[in-house]
Protein chains: 2
Amino acid sequence: MNAAEILKTHQLKKTSPRVTIINALQTSQFPLSENEVKDKMGELYDRITFYRSVHTLLEAGIIHRIVADNTTVKYALNHCNEGHHHEADHVHFFCEQCKALVCLNDIKIQSYSLPSGFVKKECDVVIKGLCTSCNPQIEQ
Amino acid sequence: MNAAEILKTHQLKKTSPRVTIINALQTSQFPLSENEVKDKMGELYDRITFYRSVHTLLEAGIIHRIVADNTTVKYALNHCNEGHHHEADHVHFFCEQCKALVCLNDIKIQSYSLPSGFVKKECDVVIKGLCTSCNPQIEQ
DNA sequence: TTTTGTTTGCAACATTATTTCATTTGACAT
DNA sequence: ATGTCAAATGAAATAATGTTGCAAACAAAA
Ligand SMILES: [Mn+2]
Ligand SMILES: [Mn+2]
Ligand SMILES: [Zn+2]
Ligand SMILES: [Zn+2]
């Protein structure tokens with residue numbers, strides 16, 4: 001499903017910034033930060049428009065935001081846009097050394113029962129450590 | 001265990017900003033943001049010193065940082081400083097309505113097995129929803 | 001093609017975080 | 001108690017991140 005189709009499906013106008021952001025995320029194997037998206041957008045990048053587009057895409061459920069730590073925010077396409085039907089119900093891995101972030105789409109978030117009175121809406125799980133590239137046990 | 005004792009235990013110098021930050025967190029039932037700590041510090045608050053003190057206290061394992069979302073960061077004393085011996089191995093709850101954050105000290109983080117090659121160091125879990133005060137099911 | 005409401009992009013602003021460096025201070029030894 | 005010195009503070013400057021208001025541009029539908 002390409003950017004135009006995704007936007008249409010969600011009844012959003014097809015605009016250049018939106019299309020470019022979706023393309024950037026779609027062609028990347030990993031979630032991207034604002035600056036990484038910026039690099040892929042070239043001329044079409046405008047900071048404010050980026051923030052507003054991201055907001056719209058998040059609300060529509062087209063992308064999800066991953067907050068790896070207090071200074072690292074990245075974005076990824078939701079897999080439901082690709083035919084499979086996961087939600088943002090998977091675990092994320094953040095490499096403390098190279099700052100890479102990985103969607104572990106196959107590792108589902110386990111459920112917790114909250115104390116009574118609390119209403120659960122969503123659950124974010126970020127595992128931190130060393131990725132395969134930074135693990136000294138693995139020779140490259 | 002008071003602030004002076006905690007600092008001594010970790011071989012850190014007893015300074016006014018550190019003591020005041022620890023006291024602020026110790027006397028609060030909930031994790032505090034920078035501004036909430038600031039309010040409790042009065043004259044003794046300086047932004048740069050706050051950031052550096054927090055960094056030191058984090059490294060020493062005296063406090064933990066909770067990143068509730070991309071714009072909400074809070075801090076809490078580690079319970080091991082209070083006699084019990086939990087680590088920062090518990091789930092956090094974030095109320096999307098009133099932005100309150102709660103350490104669910106009794107709800108331990110479940111373990112995940114990562115794909116081979118990844119090294120796990122820590123795991124952050126934030127559950128979002130409505131707290132007991134914001135849950136319309138509960139009459140106040 | 002004309003209309004209409006949405007989206008964009010600029011400017012200005014607010015908040016959060018980091019680096020450099022001179023001054024102060026806590027801890028320890030005298 | 002006093003002096004010493006490394007460590008910590010606080011001021012200034014800078015960078016990075018996020019938000020709001022508004023006029024012009026644009027997408028989608030008539
Ligand atoms: Mn993901
Ligand atoms: Mn906690
Ligand atoms: Zn890595
Ligand atoms: Zn609440």
Side-chain angles (χ1 to χ4, degrees), chain A residues 2-24 31-39 41-60 62-75 94 96 99 101, chain B residues 2-24 31-39 41-60 62-75 94 96 99 101:
Chain A
N2 65 30
E5 293 169 330
I6 292 174
L7 288 168
K8 185 145 210 178
T9 300
H10 292 83
Q11 294 164 15
L12 293 177
K13 287 192 180 173
K14 176 194 167 199
T15 68
S16 303
R18 290 174 183 174
V19 168
T20 321
I21 291 171
I22 292 174
N23 285 341
L32 300 178
S33 66
E34 175 181 350
N35 277 309
E36 289 164 339
V37 174
K38 174 184 175 183
D39 290 341
M41 290 184 76
E43 294 302 306
L44 271 152
Y45 170 81
D46 170 82
R47 160 171 283 280
I48 290 85
T49 303
F50 173 83
Y51 276 91
R52 278 191 289 224
S53 301
V54 157
H55 180 256
T56 303
L57 299 177
L58 282 171
E59 289 235 303
I62 295 171
I63 64 175
H64 61 285
R65 169 194 278 143
I66 306 114
V67 181
D69 66 23
N70 60 325
T71 56
T72 312
V73 177
K74 302 211 178 194
Y75 301 92
F94 181 58
E96 289 175 335
K99 310 298 178 190
L101 191 68
Chain B
N2 64 32
E5 292 169 330
I6 292 174
L7 288 168
K8 184 144 211 181
T9 299
H10 292 84
Q11 295 164 15
L12 294 176
K13 286 191 180 176
K14 176 194 167 198
T15 68
S16 304
R18 290 175 183 173
V19 168
T20 322
I21 291 171
I22 293 174
N23 284 341
L32 301 178
S33 66
E34 175 181 353
N35 277 311
E36 289 164 339
V37 173
K38 173 183 176 184
D39 290 341
M41 288 183 76
E43 294 302 306
L44 272 152
Y45 169 82
D46 171 83
R47 164 169 282 280
I48 291 87
T49 302
F50 172 83
Y51 277 92
R52 278 192 290 225
S53 301
V54 158
H55 181 256
T56 302
L57 299 177
L58 283 170
E59 289 235 304
I62 294 170
I63 65 174
H64 61 284
R65 170 194 279 143
I66 307 113
V67 181
D69 66 23
N70 60 326
T71 56
T72 313
V73 177
K74 302 212 178 194
Y75 302 92
F94 182 58
E96 289 175 335
K99 311 296 179 191
L101 190 68

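Each chain gets a letter, A, B and so on, in the order its sequence line appears, and its residues count up from 1.
Between the base of D/dG10 and the side chain of B/R47 there is no donor-acceptor pair shorter than 3.5 Å. At a cut-off of 3.5 angstrom, the base of C/dG9 holds at least one donor-acceptor pair with the side chain of A/R52.
Taking atom CZ of A/R18 as the reference point, atom P of C/dT6 lies 11 Å away to the nearest angstrom. At whole-Å resolution of the value, NZ in A/K38 and C1' in D/dG18 are 15 Å apart. Whole-Å rounding puts the A/Y51 OH to C/dC13 P distance at 19 Å.
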Check: protein-nucleotides 26-30 of chain D nitrogen or oxygen pairs below 3.5 Å:
| unit_1 | atom_1 | unit_2 | atom_2 | d |
| --- | --- | --- | --- | --- |
| D/dA28 | OP1 | A/K14 | N | 2.9 |

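For the pair B/E59 (side chain) and B/T56 (backbone), a donor-acceptor distance under 3.5 Å is absent. The backbone N or O of B/K13 sits less than 3.5 Å from a side-chain atom of B/R18, completing a donor-acceptor pair.
Between A/Y75 and A/E36, the side chains place no donor N or O within less than 3.5 Å of an acceptor N or O (distance only, hydrogens not considered).
Judged by closest nucleotide on DNA chain D, B/D46 is the one of B/T71 and B/D46 placed further toward the 5' end. Comparing A/E34 and B/Y45 by the nucleotide of DNA chain D whose heavy atom lies nearest to each, the residue mapping closer to the 5' end is B/Y45.
Residue B/L44 holds its CG atom at 4.5 Å from OG1 of B/T20, rounded to the nearest 0.5 Å.
Within the 4.5 Å cutoff, the side chain of A/V19 has heavy atoms near those of the A/K14 side chain.
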